Structures are given as structure tokens and as C-alpha cells.
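The structure displayed is predicted, hence computed values, not measured ones. Just so it is clear: chains get the letters A, B, ... in the order the sequence lines come, proteins before strands, and each one is counted from 1.
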There are 2 protein chains.
Amino acid sequence: MASSAPATPPAPPPARRRGPRTRAELLDAAERVVLRDGPAASMNAIAAEAGITKPILYRHFGDKAGLYVALADRHIETLLERLRAALTRPGTRRERTEAAIDAWLRLVEGSPALYRFLVHRGQAEEPQVRDRVAVFQRRLGDALAAGIAAELALPEPQWPRAQAWAHGIVGMVQAASDWWLDARPFDRAALTRHLADLIDGAYGRA
Amino acid sequence: MASSAPATPPAPPPARRRGPRTRAELLDAAERVVLRDGPAASMNAIAAEAGITKPILYRHFGDKAGLYVALADRHIETLLERLRAALTRPGTRRERTEAAIDAWLRLVEGSPALYRFLVHRGQAEEPQVRDRVAVFQRRLGDALAAGIAAELALPEPQWPRAQAWAHGIVGMVQAASDWWLDARPFDRAALTRHLADLIDGAYGRA
DNA sequence: GACAGAAGTTACCGCCGGTAACACACTAGC
DNA sequence: GCTAGTGTGTTACCGGCGGTAACTTCTGTC
């Protein structure tokens with residue numbers, strides 16, 4: 001980036017870049033703002049952070065929902081992949097359960113703001129944003145339902161039951177995460193154990 | 001509400017009422033609009049439905065968050081009372097579990113729009129609205145934690161575990177409700193059974 | 001009848017998401 | 001060298017939102 005590049009203009013005036021921003025750069029900026037200001041971040045603020053103005057954002061993402069979906073998609077696939085890996089790894093069922101919960105809780109603990117954005121404020125005011133981003137939780141539930149059906153070798157007629165359990169478990173981990181993030185009465189490993197216990201039937205046996 | 005009240009003025013001119021609206025009347029109107037237009041209902045629309053203008057709403061409720069909290073409070077107490085009754089009724093633990101889940105699902109099935117407002121769009125865009133109305137789920141969890149601690153006769157050191165379970169179970173029922181509302185693969189009683197099975201440890205035994 | 005005070009109004013503020021219309025840089029072709 | 005075209009960027013605007021200030025109108029009381 002010094003002053004020696006011959007073919008390209010040496011260094012654009014610092015205040016104003018001319019070349020096109022890549023989609024990734026825009027998303028980086030948007031993510032910074034969302035993580036700083038929360039999901040109520042305005043398009044103006046995001047544009048300013050990216051060093052551009054609003055209409056460019058709209059040219060790239062269509063509307064705010066589009067930007068949020070793009071933002072969420074960058075992380076959802078990663079998390080889903082980790083969950084699938086946890087659900088199919090060798091070992092005992094209990095180990096798979098704990099591994100899946102732990103994958104989730106690592107995200108929650110590592111980036112609470114990102115977590116909140118993904119699972120909560122994705123559900124924003126507008127129905128469009130809500131419906132398109134609520135897919136997140138739905139996809140988690142579907143993936144888990146497949147995992148449960150495989151784990152228990154359920155026949156097809158029992159799949160709806162597995163789905164109910166799966167979506168319930170996703171909500172369970174999510175709600176427990178929310179509560180735990182605020183209260184923090186114990187560490188992550190303990191929460192993993194408690195939730196795995198509950199799924200394992202510790203309440204029923206108690 | 002008939003026409004026989006003698007002490008109060010018999011019937012105000014229909015087009016324009018002069019006397020002060022009661023808080024309950026305002027909340028009735030707000031509820032109608034919220035259930036019709038969803039939680040993104042504007043203060044203008046609510047005021048129009050009530051036959052007044054915006055500043056009056058603000059005089060009564062302070063801000064939008066205040067109105068939403070007042071709206072939610074009218075139903076939260078009812079639901080909490082039903083849940084407490086279910087959790088303390090005589091019979092087997094399984095019966096209490098099913099009764100509590102059923103109390104929730106009856107609300108979900110009976111007034112899906114109201115349910116969505118309470119548990120989802122209470123979490124609106126503004127942090128103030130979110131924080132004050134998210135208390136809803138928190139209160140449910142706390143009530144359930146007390147119920148679990150009593151049910152299992154847990155000593156105080158084990159309360160955090162009961163809390164984790166309780167908040168998890170609340171999220172579980174809520175997420176399963178959401179999924180069920182859209183998919184409806186079986187009836188309410190079946191969902192009640194599936195969820196009670198899960199809490200009872202059916203997955204662990206399977 | 002005068003008056004305090006509540007009830008209700010109009011008119012405004014700043015900000016939001018979203019868009020139209022215009023300005024500037026670069027490249028291509030002649 | 002000049003023009004045309006394309007894409008990048010801008011400024012300036014729209015309607016509607018939550019929220020408020022200031023004014024008017026009605027009602028009850030002495």
C-alpha cells in the first residue's frame with residue numbers, strides 16, 4: 001500500500017476510496033455496527049461505518065432485511081456445520097448431546113452480541129425480516145430433528161415426534177442460554193451438563 | 001355494560017365522547033389494533049381505533065413500551081395463575097407437567113396472535129421494550145423454577161440447576177409451540193404428550 | 001359568572017427505511 | 001482528442017414513525 005505501485009494509482013486520497021466495495025467489506029462494516037449498536041443499527045450508521053452512503057447499501061442488499069439475512073448467513077452455516085459434526089461424532093449418545101450443546105454455548109459465550117443478533121433481533125419489527133431470519137431457528141430444529149431420528153433410528157411415522165422434540169430442544173437451549181448470559185450462576189460446562197441431564201431424563205428420574 | 005346505569009350519564013353523543021377514556025378502554029382498542037395489524041401497530045393507528053389522538057396515549061402510558069407492557073400485563077397474570085394452579089394441583093407429577101403445558105398451549109391455540117405478541121414482538125426493536133417485556137419469559141421461568149424445586153424437594157444449593165431447567169423448559173415449550181403453530185402435524189393433546197414425554201425423560205430412555 | 005384544571009387538538013421535531021435524480025471517474029471506439 | 005457509455009458515488013427528497021409543545025375546549029366548583 002506504499003507509494004511504489006506503478007500500474008495502479010499509488011494511493012487513493014485517504015478520505016475517499018473510489019473503487020467498488022466488495023460485498024464482504026460491506027458486511028464487515030455492517031457487522032461491526034450491529035455488534036456495537038445492537039440490531040437497531042440504522043442503515044445510515046452502517047453506510048457511514050463502511051465509508052459510503054445509503055443508496056449503495058440498497059443497491060447491494062435490496063433492503064434492510066436483505067442485509068440482515070446476508071449478515072446472518074455468514075454465521076449460520078458455520079454453526080450448523082459444527083452442530084452436525086457434534087451430532088454425528090462417534091462415542092456415546094450423551095457425548096453427542098453434550099458436544100452439540102457445547103458448540104452452541106461456545107458461540108453464546110464467545111460472542112454474546114452476535115448470538116443475540118442471530119437468534120433475537122433477527123426477529124425484528126418487520127414481518128419480512130422476522131420471517132426470513134426466523135428461518136435460523138427453524139433450520140437448527142430441522143437439523144436436530146434429523147439427528148434425533150437417526151440417533152434413535154426412528155421409523156418415519158415417528159418423525160413428527162422427533163421434530164417436536166427437536167424444535168423444543170433448540171428452544172430449550174436458547175432460552176437457557178439467555179437466562180444464563182444474564183445470571184451466570186455457574187460456568188459453561190455446568191450449564192452444558194444441566195441441559196444434557198434434562199434431555200437425558202434426569203427430571204423424570206429425580 | 002347495558003343501558004341501565006343510573007348514576008352515570010346515560011349515553012354520550014356517539015360521534016364524539018367528551019369524558020375521559022378509561023385506561024381499560026384504551027387498552028381494549030390497542031389490543032384490537034395489535035391483534036389485527038401485528039405488533040408493528042403504530043401509535044397513530046391505536047389512537048385512531050380508540051377515537052382519540054396520539055398525545056392522549058402518551059399521557060396515559062408514557063411511551064410505546066409502557067403501552068405494550070400494560071397490554072401484556074393484562075394477560076401475563078392470568079397465564080401465570082393458571083400455570084401455578086397446574087403446577088400445584090394434586091395428582092401425579094406427570095399430570096402436573098401435562099396440565100402446565102396444556103395451559104400454555106390453550107393460550108397458543110386459542111389466540112395465536114395474542115401469543116405471538118406476548119412472547120415475540122414484545123421483544124420489539126427498542127431495547128427498552130425488549131428488556132421490559134422480556135420479563136414475561138423470565139417470570140414464567142422463575143415461576144416454573146419454584147415449581148420444580150418444590151416438586152423435587154430440592155435443597156437450596158440445587159436451585160440454580162432447577163432454574164436452568166425451568167428456563168430451558170419454558171423455551172422448549174415456546175419454541176415447540178412456534179413450530180407447531182406453523183406445521184400443525186398433530187393436535188394440541190399430542191403435542192402436550194410429546195413435550196411431557198421429553199421432560200419425563202423419554203429421549204433418555206429411548 | 002369566573003376560574004382552575006383536565007381532556008383533547010393541531011402542528012411540529014428529528015429520525016427512520018427507502019428512492020429518484022444527478023455528478024464524477026473510467027474505458028472504448030473512432 | 002473527443003464522445004458515448006457504464007458503473008460508483010453523491011445529494012436531496014418522500015412518507016411515516018415515535019414523541020412533544022402549545023393551544024383550545026369542555027366540565028365541575030365556588
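- Contacts between residues 41-55 of chain B and DNA chain C, defined by a heavy-atom separation under 4.0 Å, are made by B:I52, B:T53, B:P55.
- In terms of heavy atoms, B:L87 sits closest to B:E151 at O-OE1, 4.4 Å.
- When rounded to the nearest whole Å, the span between CG of B:L57 and P of D:dG18 equals 10 Å.
- A pairwise comparison of heavy atoms in A:A99 and A:R89 identifies CB-NH1, 3.9 Å as the closest pair.
- With axes fitted over five pairs at each extremity, the angle between the ends of the helix from C:dG1-D:dC30 to C:dC30-D:dG1 is 20° (10° resolution).
- Salt-bridge check for B:D37 with B:R32: failed, with every basic side-chain N at 4.0 Å or more from each acidic carboxylate O.
- Between B:Y58 atom OH and C:dC13 atom P there is a gap of 17 Å when expressed in whole angstrom units.
- Rounded to an integer number of Å, the gap from CD1 of B:I56 to C1' of D:dT24 is 13 Å.
- Counting only distance, with no hydrogens or angles, the side chain of A:W180 and the backbone of A:L105 share no donor-acceptor pair below 3.5 Å.
- The shortest non-hydrogen separation linking B:A29 to B:I46 is CB-O, 4.5 Å.
- For the pair B:R59 CZ and D:dA22 P, the computed distance is 13 Å after rounding to whole Å.
- A straight line from CG of A:D63 to P of C:dG18 spans 5 Å, rounded to a whole angstrom.
- For B:Y68 against B:A41, the heavy-atom pair with the smallest separation is OH-O, 3.6 Å.
- Nearest heavy-atom pair across B:L118 and B:F136 is O-CD2, 3.9 Å.
- Heavy-atom minimum distance, B:Y115 versus B:Q174: OH-O, 3.1 Å.
- Of the possible donor and acceptor atoms, none in the side chain of A:E98 sits under 3.5 Å from a partner among the backbone N and O of A:E95.
- Remark: P of C:dG18 and NE2 of A:H60 are 16 Å apart, rounded to the nearest angstrom.
- If you measure from atom CZ of B:F61 to atom C1' of D:dG18, you get 16 Å, rounded to the nearest angstrom.
- For A:K64, whose side chain is taken as the heavy atoms from C-beta onward, the closest listed nucleotide among C:dG8, C:dG17, D:dG9 is C:dG17.
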